[in-house]
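We name chains A, B, ... by the order of the sequence lines, and we start the count at 1 in each one. Just the heavy atoms: all of them, side chains too, but no hydrogens, waters or symmetry mates, feed the values below.
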Amino acid sequence: DQQVKQNSPSLSVQEGRISILNCDYTNSMFDYFLWYKKYPAEGPTFLISISSIKDKNEDGRFTVFLNKSAKHLSLHIVPSQPGDSAVYFCAAGTDKLIFGTGTRLQVFP
Amino acid sequence: DTGVSQDPRHKITKRGQNVTFRCDPISEHNRLYWYRQTLGQGPEFLTYFQNEAQLEKSRLLSDRFSAERPKGSFSTLEIQRTEQGDSAMYLCASSSRLGSYEQYFGPGTRLTVT
């Protein structure tokens, strides 16, 4: 039973354009949602989070949107840069975190 | 500013041996978490502590696994009688419960069981 799903294993975007990464969840009891970025052989790096009582949170080039009725979460990166190329995980939780399987983002020049 | 540290970064062991990993959280964080990640998957929760109390353990944490946080600071994760299926990246994270739920991860310990 996968409570957090990232249905797109990969995404390729041109530098300067918008990257949109999506995530779906099934458990309406999650209190908060987070996005992490991961490079090979490193631990996940926290990017941005959102509480279940909000529908949008913005931090620089990163914006997270939460649609509770659809149980859907998305991360927008604008403008995308080559250094954004990595695997992105969404996570949801109350205390512990439940992670999706990740989306590999490639930003090309 | 020191982040979460883990030791060792890599461990190769033979099947049947015991291994122990250490995690040092961010100093003011009272919660410490252990996760495991295998290829192509996201991190999976194993267990977590609030101060020295172990509050939850996943069913993934078989009786061969034990975790401690004796003084509410660093934590150890021990795997007894390792199996090839234990090969994975073991990740530690910490957070401060007071008004923040973001978890900050260490670099991980890569375990290879031969």
Side-chain angles (χ1 to χ4, degrees), chain A residues 1-10 21-27 29-54 57 59 62 64 66 73 75 86-105, chain B residues 1 3-10 21 23-26 29-50 53-61 67 88-97 99-112:
Chain A
D1 176 26
Q2 200 168 358
Q3 297 187 63
V4 178
K5 295 182 181 180
Q6 293 177 257
N7 292 317
S8 298
S10 64
L21 297 99
N22 295 302
C23 179
D24 297 298
Y25 63 94
T26 57
N27 189 342
M29 299 301 291
F30 288 137
D31 286 335
Y32 51 88
F33 304 85
L34 305 91
W35 284 94
Y36 286 86
K37 176 180 179 180
K38 190 176 186 303
Y39 294 114
E42 294 184 10
T45 300
F46 169 72
L47 278 176
I48 191 169
S49 64
I50 187 167
S51 165
S52 61
I53 62 173
K54 296 187 175 182
N57 188 26
D59 183 3
F62 302 93
V64 57
L66 177 62
L73 184 71
L75 174 68
V87 178
Y88 288 77
F89 291 95
C90 69
T94 51
D95 292 311
K96 66 189 179 190
L97 292 179
I98 309 295
F99 283 82
T101 52
T103 296
R104 181 175 301 279
L105 173 65
Chain B
D1 176 28
V4 178
S5 61
Q6 292 187 245
D7 183 69
R9 294 291 308 275
H10 303 276
F21 308 141
C23 172
D24 287 89
I26 294 171
H29 285 183
N30 61 348
R31 286 199 166 190
L32 186 150
Y33 303 79
W34 285 99
Y35 293 83
R36 180 173 70 185
Q37 185 176 19
T38 54
L39 194 63
Q41 301 297 315
E44 295 176 292
F45 169 77
L46 293 178
T47 188
Y48 87 95
F49 295 83
Q50 180 163 302
Q54 189 172 18
L55 296 188
E56 187 174 347
K57 293 192 293 185
S58 165
R59 65 180 185 277
L60 293 175
L61 213 65
M89 174 77 86
Y90 289 84
L91 295 161
C92 176
S94 69
S95 73
S96 170
R97 184 57 176 167
S100 171
Y101 41 74
E102 290 97 8
Q103 295 183 20
Y104 295 89
F105 283 82
T109 295
R110 167 73 63 187
L111 173 66
T112 302

When A:Gln6, A:Lys96, A:Lys38, A:Glu42 are compared by non-hydrogen pairs under 4.5 Å with chain B, the top option
A:Lys96

Residue among A:Phe33, A:Tyr32, A:Phe46 satisfying ring pair (Phe, Tyr, Trp, His ring centres under 6.0 Å) with B:Tyr101:
A:Tyr32

Nearest heavy-atom pair of B:Glu102 and A:Ser49: which atoms, and what distance?
OE2-OG, 2.9 Å

Without swapping roles, check the side chain of B:Tyr35 against the backbone of A:Leu97 for a donor-acceptor pair under 3.5 Å.
yes

Could you look at B:Gln103 and say if it's the side chain, the backbone, both or neither that has a heavy atom under 4.5 Å from chain A?
both

Please walk me through it: do A:Asp95 and B:Arg31 pass side-chain contact (heavy atoms from CB on, under 4.5 Å)?
CA-CA 10 Å; A:Asp95 292 311; B:Arg31 286 199 166 190; 2.9 Å; yes

Shorter than 4.5 Å, heavy atoms on both sides: which option in B:Gln37, B:Arg110, B:Met89 has the most such pairs with chain A?
B:Gln37

Quick one: what part of B:Gln6 sits under 4.5 Å from any heavy atom of chain A, side chain, backbone, both or neither?
neither

Taking side chain as everything from C-beta outward and backbone as N, CA, C, O, which of these in A:Thr45 sits under 4.5 Å from a heavy atom of chain B? Side chain, backbone, both or neither.
neither

Atom group of A:Ala41 that falls short of 4.5 Å from chain B, counting heavy atoms
backbone

